[in-house]
Amino acid sequence: MARPERKTKHGAMSDTETTRYDFSLSEPHWQAQWEQAGCFKAEDVPAGDKPKYYVLEMFPYPSGKIHMGHVRNYTLGDVVARYKRAQGFDVLHPMGWDAFGLPAENAARENNADPASWTYANIANMRAELKRMGFSLDWDREIATCDPDYYGQQQKIFLDFWKSGLVERRGGYVNWDPVDMTVLANEQVIDGRGWRSGAIVEKKQLSQWFLKITDFAPELLAGLKTLERWPERVKLMQENWIGFSQGAEVTFPLTAPVDGIETVTVYTTRPDTLFGMSFLAIAPEHPIAKAVAASNAEAAAFLAECASQGTSEAAIETAEKKGFFTGLKVKNPLTEQDYPVWIANFVLMEYGTGAIFGCPCGDQRDYEFASKYNLPIPVVVSPSPDTLPELQGKALDGDGYIVNSGFLTGLTVAEAKKQAIAELEAMKVGKAVTNWRLRDWGISRQRYWGCPIPVIHCEACGPQAVPDDQLPVALPKDVSFEKPGNPLDHHPTWRHVACPKCGEAATRETDTFDTFIDSSWYFARFCAPRAATPTNVDAVKHWLPVDQYVGGIEHAILHLLYARFFTRAMERTGHVTVQEPFAGLFTQGMVTHESYKDADGRWLYPDEVVKTGNGATHRDTGLPVTVGRVEKMSKSKRNTVDPGVIVERFGADTARWFVLSDNPPERDVEWTETGVQGSFRFVQRLSRLGALIAGEPMVDAPAVLEGEAKKLLKLTHKSIAAVTEALDTFAFNLAVARIYELAGNLAGTTPEDASLLYARRVAMDIIARLSAPMMPHLAEDIFAKLHPGSGLVAQQPWPKADPALLTVDEVTIAVQVNGKLRGTITVPAGQPAEQNIAVAAEAVSTALAGQTIVKQIHVPDRIVNFVVKPA
RNA sequence: GCGGGUGUGGCGGAAUGGUAGACGCACCGGACUUAAAAUCCGUUGGGGCUUUGCCCUGUGGGGGUUCGAGUCCCCCCACCCGCACCA
C-alpha cells in the first residue's frame, strides 16, 4: 500500500495522490485540537448537573508494546465514551497500568535489569502508542500500580480490612521448586515440573495472608441478580464458581482410632445415597492421611506422588484417578456396616471437609474409582420407584428414585435427601450444612515486584500493622536477582525494623500482594487519582459504579469476582459507597491470527512469511512455510501483528475501523492484512466523498422532497436509528455495515438539483457524526470541511432520527406454499390480510394449481403461507 | 475432569420463529490507463433444467416441535475460554 506522500516517478504528485487523505498529518492535528479544547477531561467532583457516565476498559499490563487485543479493547471502550459524550453525558474515561507482576522479574533475571526501569520504560512506550490511536482518554488521571503513591494507598486499605476482621493468617499450599528453591506460579509448572529447573514440583505449606472473601459468598451470589447489564454467561460462571450447595455433614466412626483420631466427617450433597456407600475417601492432605503415612512407607510414597501433582484444580481433576487403601475402616451409621478408607488423589482438601463417602451408583467419579479398585457398586438409584436398573458402565447421577435403601426406599431423590438428613440429625451423627465452593483468597506472593504487605513480625508481639505515618512501605531499589527466591528476603537492611508496639528488633513481612489486589480497586482510585486517602468519598459517590466496563472474557471469574468482593469490603470500611463496581460489563473476544512454522518447526512472524498461490514461503530464504491454525495471538507462537506498524502504514482510524468492522466484538477476531486494506480504502473513499460534497453549493432545505432526494434522506434517518441502536447494543459491526450502506448509496447519487444538493449534504454530515466515535480523526476532517469554523465533531450532539422519515410505504412480502418460498409480492405497508392473500394467490397461481388450500397464514407485512394438499 | 461459550458461502459475518447469506473482504468480468496502481460499474452458496425464468439442495452431525426452524427442544461432534500463584 502506497504511502500518501510517495511521489510518482516524475517527481510530481499524481491527481489521485494529491486528493488522498493524509492521516499522518490529520491524526496528530486533531489529537492536538482535542487536547487543546480539553474535550476529554473530567472533574473529580463535577459542579454541573450533567448526567455522569464512567467508561472503563481493563487496564493493560505494561509488557512493552500494545498488542491487537489492546487496540480492540480500547477502541470498543472509546466508541462508547465518544458516543456517550455526544449523547450529553459527562464522561469519565481514564487509563492506567497494571504494572506489578512476574514478567518484570523474569526480565530482570534474564537481562539483569531492574524491574522498575523495565516497567516504566514499557509504560512510556505504550503510552505513546495509545496516544497515537486517538483514544478519548483523560490522561491527567493516569496511574500505575507500581507507583508508591498508588500502592501506599492500597496498603492503607489492607490495614483497614485487617482492623475490620477481613484478613486472616494461616497455612496455604504453594508449588515449590526444590532445585530453584522458589515458589512457582501454576503457569510456571509444566507437566508437574518447574519451568526452569525441570525439577518435580512439590506441594508445600507456607504461612499466608488470606482475605475472607468467603464471608461475602452469600452476597456475592445474591448481587449477581442486580447486574442487569452483565452477560448471562459471566454471571452463570460466577454463580458456579461461588458454588452454593446444600448438603450434609456425616460423621463416621473409625473402627480403630489412628493417632488419636476417632472419626471422619465427610461433606456430601447426596445423603440420600448413603445406603449405596462403597468406600470413604480422604484428601492426601487430610490429617488421617498424614497419620497413616507416618507409620507406613507405602502410604508416604503415595502422598509424595500426590504432592507432585501440582496445586491447580485442572491438574488434579485431569490426572488419572488413583487411590491408596489405608487399612482403616469406618462404620456407616445408617447401614451399620464397615467400609474401607482410601486416600484418593481427586479429593480436594480445600472443599467441604476434605473427605467424601463414595457412592459409585450415584456419582460418575466414584463409579470409575470403584471399578478401578474392584470395590462394590450397590444399586440405590433408579429411574422408576419399583425397578432395579442395570448400570451400564455409568453412574445414575440424575433425578430418580431411591431403592434398596431401608427407610429411604421408594422416595424421590429430593425427598430422600430430607429424610436422610432428618434421621442423621436425630441420631446425632450428621447435620444439614450449606457449603460454598468459593475459597478464601490467598494474597501472599513470595516475589519482589509487587506491593509490600505492610506488616512487621515481632517475636514478642506477633504480626503488627505498619503505622500510618510509615506508609507507604516502599520497595527497596537496590536489590539483586542473582540468588533464587525473593530478593526482599536477602536484602541486607530493608527487612530489619523496630516493632511498632514494643520497639524491639523485628522484621518486615517480605511477601508482596497478589497483583489481583492492584486491579481490584483501581476503578475507585481513578475517580480521584491524586487524593491523599485511598479514595475521595465525594468523587466515588459521584462516579461509581463504572457504567460500562470492557475487557476480555478470560477475566470472567477471577478479576471480576475479586473486584466485586473488594468493592463490598471497601464499602464496609468506608472507602466507597457502592456494593457493585461495574453496572455494565462487556466481554470481548480475542484477536487471532494464522500461525506459521518453517521446516525446522520454528514459529515465524507474519512479516517473515510471503503468501504464494498454493502456500507460503519464507521472505528471506524462500523455503516453504507451513501455515498453521488460526489461534490467539501470542508471543510464543509469534503470530502477532504489531499495531504500531499498522498505525504507521494505515493510520489509527483504519486500525480502529477494521477491529470494529470485521466481526461482533464478543467473538474472536482474525486479523487479516486484506481486511485492513479494505478499511483503508473506505477511509480514503469517505474522505474523497466528504471533500466532493463540501465543495458543492450550499442550498436551503426545500419545502418538499421527492424521488432520489427523499429516498436518500429517508435512508439517512433510517441509518441514524440503526447506528444508534447498534451502538447501544455493542453491535459495532452492524453500525459499520449501516455506515457503509449509507455511504455507498450517497456516492450513487448525483447532485442534479437543489433537493439532491441538500440531501447529499445532510447525508454526508450525518455520516461524519455517526462515524465519529469509530473514526474520530476522519470525522473531524469531514466535519470541518462541511462546517468551517463550527468547532469539533467531538463536541457535537448525537443526531436524532426524524420519526416522520422512518415510515415505510411499501413492503415486499414473501409468499410461501407449504412453507416453501414460491414468490414475492410488493404491496402497500399495512394492507389487510384479505387483500394480501388475494394478491399472493395470484402471484403463485402455478404452484397452487391442482391443490386444495387447507389453511392460509398471514403475518402482516411479512409473509403469506398457503398450506395445501393435492385436490 | 469440571464450569462457560462458539459452529452459517472461498473468508469475517447478517437475519423480533417468517424471502438464509445484509455489509465488508476475496475472486471473476467490464470501464478508465501506453502500462501498472488507484478509482468506478457488474457477477458470485452448491447442483440442475425445457434459461425473460424455473426446480432441487443448503446454516457442524442426527432426531423432534411447528403452517414455517440458522433461531425452540433432545442427543452427538469439533473448537475456544476459565479452573483460584499468568495478567
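Letters A, B, ... mirror the listed sequences (proteins, then strands); counts begin at 1.
- For I863(A) and A20(B), the CD1 to C1' distance is 12 Å, given to the nearest whole Å.
- Contact annotation: N663(A) side-chain N/O to G13(B) OP1/OP2 distance is under 4.0 Å.
- With P as the reference atom, G12(B) and G60(B) are 13 Å apart, rounded to whole Å.
- With hydrogens and angles ignored, a donor-acceptor pair under 3.5 angstrom links the side chain of Q446(A) to the base of C85(B).
- The separation between D861(A) atom CG and U16(B) atom C1' is 14 Å, rounded to whole Å.
- Residues F730(A) and F732(A) place their aromatic rings such that the two centres sit under 6.0 Å apart.
- A 3.5 Å limit on both hydrogen-bonding distances identifies G48(B) as the Watson-Crick or G-U partner of C54(B).
- Atom-to-atom, OH of Y61(A) to C1' of A87(B) comes out at 8 Å; the value is rounded to the nearest Å.
- Note on R365(A) versus E368(A): no salt bridge recorded, every NZ/NE/NH1/NH2 to OD/OE distance being 4.0 Å or above.
- OP1 or OP2 of A84(B) has at least one side-chain nitrogen or oxygen of N186(A) nearer than 4.0 Å.
- Screening F513(A), Y61(A), F100(A) against W449(A) for a ring-ring contact (aromatic ring centres under 6.0 Å, His included) leaves a single residue, F100(A).
- Taking side-chain N and O atoms only, K820(A) has a distance below 4.0 Å to OP1 or OP2 of U57(B).
- Closest to the side chain of R862(A), from the set G18(B), G3(B), A14(B), is G18(B).
- Glycosidic conformation at G9(B) (O4'-C1'-N9-C4 for purines, O4'-C1'-N1-C2 for pyrimidines): syn, within 90° of 0.
- When the P atom of A22(B) is taken as reference, atom CZ of F732(A) falls 23 Å away, rounded to whole Å.
- Base contact: I857(A) has a heavy atom under 4.0 Å from a base atom.
- Comparing the same atom, P, in G53(B) and in U44(B) gives a spacing of 13 Å after rounding to whole Å.
- Note on R738(A): every side-chain N or O is 4.0 Å or more away from OP1 and OP2 of G24(B).
- S444(A) comes within 4.0 angstrom of a base, heavy atoms only.
- Under a 3.5 Å cut-off, the side chain of R72(A) and the backbone N or O of G589(A) do form a donor-acceptor pair.
- Residue-level contact check: A556(A) touches neither bases nor backbone, having no heavy atom under 4.0 Å from any strand.
- Under a 3.5 Å cut-off, the side chain of N836(A) and the backbone N or O of P860(A) do not form any donor-acceptor pair.
- Listed nucleotides: C85(B), C67(B), A14(B). Nearest to the side chain of L734(A): A14(B).
- Distances shorter than 4.0 Å separate none of the side-chain N or O atoms of R822(A) from OP1 or OP2 on C67(B).
- Heavy atoms of T812(A) sit under 4.0 angstrom from at least one base atom.
- Within 4.0 Å of F516(A), counting heavy atoms only, lies at least one base atom of the nucleic acid.
- If you find the closest nucleotide of RNA chain B to N240(A) and to E187(A), the one lying nearer the 5' end belongs to N240(A).
- Aromatic rings of F216(A) and W441(A) (six-membered ring for Trp) have centroids beyond the 6.0 Å cut-off, not under it.
- A distance of about 38 Å separates the P atoms of U6(B) and A38(B), rounded to the whole Å.
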**Request:** Output, in order, the C-alpha distance, side-chain angles, deciding distance and verdict of salt bridge (charged side-chain N to carboxylate O under 4.0 Å, His left out) for D440(A) and R170(A).
**Result:** CA-CA 11 Å; D440(A) 274 336; R170(A) 58 169 187 261; 3.1 Å; yes
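- Contact check, R667(A) against U6(B): no side-chain N or O comes under 4.0 Å of OP1 or OP2.
- The Q816(A) side chain lies nearest to U19(B) when the options are U19(B), C86(B), C85(B).
- Within 4.0 Å (heavy atoms only), H555(A) reaches at least one base atom of the nucleic acid.
- In this entry G3(B) has C81(B) as its Watson-Crick or G-U wobble partner, both defining distances falling under 3.5 Å.
- When the nucleotides A20(B), C81(B), G4(B) are ranked by their closest atom to the side chain of R233(A), G4(B) comes out on top.
- A straight line from CZ of R72(A) to P of G12(B) spans 14 Å, rounded to a whole angstrom.
- Note on P664(A): only backbone sugar-phosphate atoms sit closer than 4.0 angstrom, heavy atoms only; bases stay farther off.
- For a distance-only test at 3.5 Å, the side chain of R447(A) qualifies as a donor-acceptor partner of the base of C85(B).
- Here G1(B) is the nucleotide among G4(B), C85(B), G1(B) with the atom lying nearest to any side-chain atom of E313(A).
- With a cut-off of 3.5 Å on both Watson-Crick or G-U wobble distances, the partner of G24(B) is given as C11(B).
- Taking atom CG on D440(A) and atom P on A84(B), their separation rounds to 16 Å, with Å as the unit.
- The nucleotide whose nearest atom lies closest to any side-chain atom of Y740(A) is, among C85(B), U19(B), C23(B), C23(B).
- Contacts of K321(A) with the nucleic acid, taken as non-hydrogen atoms under 4.0 Å apart, are absent.
- Nucleic acid contact for I813(A): none, since no nucleic acid atom lies under 4.0 Å from a heavy atom of the residue.
- Relative to the side chain of R439(A), the nucleotides A84(B), A26(B), U19(B) differ in distance, and A84(B) lies closest.
- Rounded to the nearest Å, the gap between the C1' atom of A22(B) and that of C73(B) is 29 Å.
- Closest approach to the N733(A) side chain among C40(B), G13(B), G5(B) is made by G13(B) (side chain taken as heavy atoms from C-beta onward).
- Within 4.0 Å (heavy atoms only), R437(A) reaches at least one base atom of the nucleic acid.
- Among the nucleotides C85(B), G18(B), C67(B), the one closest to the side chain of D514(A) is C85(B).
- When distances are taken from the side chain of V859(A) to each of A87(B), C40(B), G18(B), the shortest belongs to G18(B).
- As judged by a 4.0 angstrom heavy-atom cut-off over every strand, S661(A) is placed among residues making no nucleic acid contact.
- Rounded to whole angstrom, the span from the CD1 atom of I453(A) across to the C1' atom of C85(B) amounts to 12 Å.
- One donor-acceptor pair, N or O on each side, does fall under 3.5 Å between the base of C85(B) and the side chain of Q208(A).
- W230(A) and Q238(A) are not linked by any side-chain donor-acceptor pair at a separation below 3.5 angstrom, with hydrogens and angles left out of the test.
- Looking at heavy-atom distances under 4.0 Å, T318(A) makes contact with a base.
- Taking atom C1' in both U34(B) and G47(B), one finds a spacing of 44 Å when rounded to whole Å.
- Ring pair Y549(A)/F523(A): centre-to-centre distance not below 6.0 Å.
- For L770(A) and C23(B), the CG to P distance is 18 Å, given to the nearest whole Å.
- No engagement by G243(A) is indicated, since no non-hydrogen atom pair under 4.0 Å with the nucleic acid exists.
- Listed by first then second residue, pairs satisfying salt bridge (charged side-chain N to carboxylate O under 4.0 Å, His left out) with a partner in residues 725-740 of chain A read R738(A)-E741(A), not counting sequence neighbours.
- Regarding contacts with the backbone of C83(B), every side-chain N or O of S312(A) stays at 4.0 angstrom or more from both OP1 and OP2.
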